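Since the structure comes first, as structure tokens, the remarks are kept for the end.
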Amino acid sequence: MLWYRRLESFVREQIPLAPLTNYRVGGPAEFFAEPPGEEALRMVLRQAAEEEIPVRVLGRGTNLLVSDAGVRGLVVRLPAGEFSGLERYGTRLRAGAGHSLPALVKWSVAQGLGGLECLAGVPGTVGAALRMNAGGKYGEIRSRVRSVSGFTRAGAPFRFEPHACGFVYRGSALKDCIVTRCELELEEGSSALGSERVRGILDEKRATQPLAGRSAGCVFKNSRLPGVPPAGRIIDELGFKGQRVGGARVSSLHANFLVCDGNAHAADVLELIRRIRERAAHERGVELELELEAWGVRDEELRPRAVPQVA
Ligand code: EPU
């Protein structure tokens with residue numbers, strides 16, 4: 001029997017994901033749901049859990065690579081409206097997870113609220129920013145979070161204080177949850193100074209990152225180990241800039257960005273990732289860890305091939 005029989009108004013099958021991601025490559029989602037509200041979200045999560053159907057959450061697809069074969073299971077996307085509200089109480093904001101992060105940064109600066117300028121140029125939704133603990137060298141979202149609410153994959157509601165969110169560099173304990181909203185604490189500031197700060201960060205990024213291309217931002221995390229250079233520098237020093245596999249290439253502006261052209265496939269991006277990891281491991285002794293999320297991809301597709309042992 002159809003597992004989503006009672007939820008047919010917002011669950012569909014075989015929905016192409018490529019147009020919903022920045023790379024614009026990859027196959028379809030087996031099931032795709034856009035629940036119109038919290039109750040619908042809870043119902044679809046419960047139903048999927050009962051049927052043991054894996055669940056993934058899609059934001060704006062800005063940090064995501066979907067395999068050419070697509071993904072098994074259910075992909076949930078929170079539609080605008082119910083999940084993208086924004087309320088201000090003094091210096092406190094209540095924001096829906098589906099709200100655009102760049103729009104939130106712009107809005108808070110215009111309101112004369114300081115604290116989110118460091119996120120200028122980070123794409124995606126507020127929900128994704130929380131799950132990834134989005135940020136850059138000027139700060140991360142975690143320093144502003146007062147609470148995060150949502151549902152577990154099994155459909156149980158939660159509200160976490162910051163310490164329960166498990167924020168780390170480009171990650172959190174929210175990765176296994178569906179975030180629906182959060183509370184952020186900002187500070188009274190100056191709109192003019194905030195705009196200037198945002199402009200400065202955006203100018204810096206435009207000069208060093210291919211912001212307009214079909215990319216997913218930095219592909220690899222920077223190592224936290226002392227003495228290991230940033231991933232972009234390692235890949236650059238290995239001579240990868242401009243190298244291409246099919247329709248995917250390493251950006252000439254920033255080596256930690258892979259950019260897709262017209263006829264790119266996910267397999268092209270995956271092969272570039274594999275080659276970069278292989279040489280970083282063999283020639284620099286560094287294991288590059290993925291920063292982007294890869295869906296429907298087997299581990300072997302990303303791992304360097306073993307070096308043949310000489311007897
Ligand atoms: N570098 C090179 N060649 C390159 C790229 C970088 O030599 O092709 C060198 C730079 O010259 C610099 C160092 O590597 O000395 C670090 O580069 P950069 O300042 O560009 O910062 P990053 O560590 O590569 C991090 C975040 C970015 C964020 C920027 C700015 C990671 C993996 N990356 O980049 O985040 O935008 O700082 O705050 O943490 C992302 O998360 O998707 C992302 C792009």
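Values below: every heavy atom of this structure, side chains too, minus hydrogens, waters and symmetry copies. Nothing here was measured: the structure is a model prediction, and the numbers come from that model. Every number for a ligand or one of its atoms is a count from 1 in the order of the listing.
Inclusion of Cys218 in the set of residues having an N or O under 3.5 Å from an N or O of ligand 1 is warranted. Between Lys241 and ligand 1, a contact under 3.5 Å exists for at least one N or O pair. Ligand 1 has no N or O atom lying under 3.5 Å from any N or O atom of Asn256, backbone or side chain. Residue-to-ligand polar distances place Asp236 within reach of ligand 1: an N/O pair is separated by less than 3.5 Å. Checked by distance only, ligand 1 and Thr208 stay at 3.5 Å or farther apart across all their nitrogen or oxygen atoms.
Checking side-chain atoms of Lys205 against main-chain N and O of Gly200 turns up no donor-acceptor pair under 3.5 Å.
Separation of atoms CG (Leu238) and CZ (Phe240) is listed at 6.0 Å; rounding is to 0.5 Å. Rounding to the nearest 0.5 angstrom, the gap separating the OG1 atom in Thr180 from the CG atom in Leu78 is 7.5 Å. Here OG of Ser108 is found 6.5 Å from CG of Leu113. Values are rounded to the nearest 0.5 Å.
Heavy atoms of Tyr138 found under 4.0 angstrom from ligand 1: none, in either backbone or side chain. The backbone and the side chain of Ala255 each have at least one atom closer than 4.0 Å to an atom of ligand 1 (non-hydrogen atoms only).
No side-chain donor-acceptor contact under 3.5 Å links Tyr169 and Glu291. A donor atom on one side chain and an acceptor atom on the other are found under 3.5 Å apart for Gln111 and Arg88. When only modelled atom types and interatomic distance are considered, Glu183 and Tyr89 share no side-chain donor-acceptor pair under 3.5 Å.
Few gaps surround CD on Glu283; more than 12 heavy atoms of other groups in view lie less than 6.0 Å from it.
Close contacts of ligand 1 with Gly136, meaning ligand atoms under 4.0 Å from a residue heavy atom, involve 38 (O). Taking every non-hydrogen atom of Lys205 and a distance limit under 4.0 Å, the qualifying atoms of ligand 1 come out as 36 (O). Taking a cut-off of under 4.0 Å to the non-hydrogen atoms of Tyr169, the atoms of ligand 1 that pass are 31 (C), 32 (C), 39 (O). Close contacts between ligand 1 and Phe257 involve ligand atoms 44 (C) [criterion: under 4.0 Å to a heavy atom]. Close approach of ligand 1 to Pro230 is summarised as follows: ligand atoms under 4.0 Å from at least one heavy atom of the residue are 13 (C), 14 (O), 16 (C). Short contacts between ligand 1 and Phe220, defined as distances under 4.0 Å to a heavy atom of the residue, involve ligand atoms 32 (C). The Glu291 neighbourhood of ligand 1 comprises atoms 40 (C), 41 (O), 42 (O), with distances under 4.0 Å to a heavy atom of that residue. Listed by number with element, the atoms of ligand 1 under 4.0 Å from a non-hydrogen atom of Gly217 are 42 (O).
For the side chain to side chain contact (heavy atoms under 4.5 Å, CB included) with Leu119, the lone residue among Ile201, Leu104, Leu101 that qualifies is Leu101.
Scanning both residues, Ile53 and Leu74, for their nearest heavy atoms gives CG2-N, 3.7 Å. Residues Leu258 and Ser215 share a closest heavy-atom pair of O-CB, 3.3 Å.
At a distance under 4.0 Å, a protein heavy atom can be found next to atom 3 (N) of ligand 1. The protein does not reach atom 10 (C) of ligand 1 closely, with no heavy atom under 4.0 angstrom from it.
Follow the hydrophobic side-chain contacts under 4.5 Å out from Met132 and you never reach Leu174; the two are in separate clusters.
With His254, Glu204, Arg233 as candidates, the residue nearest to atom 17 (O) of ligand 1 on a non-hydrogen basis is His254. Within the set Val122, Asn63, Asn222, Ile201, the minimum heavy-atom distance to atom 25 (C) of ligand 1 is found for Asn222. The heavy atom nearest to atom 35 (O) of ligand 1, considering only Glu140, Arg170, Lys137, Met132, is found in Arg170.
Comment: Glu34 engages Arg77 in a salt bridge, judged by a side-chain N to carboxylate O separation of less than 4.0 angstrom.
When hydrogens are left out, the protein atom nearest atom 28 (C) of ligand 1 is Gln209 NE2, 3.8 Å; that is the closest non-hydrogen contact.
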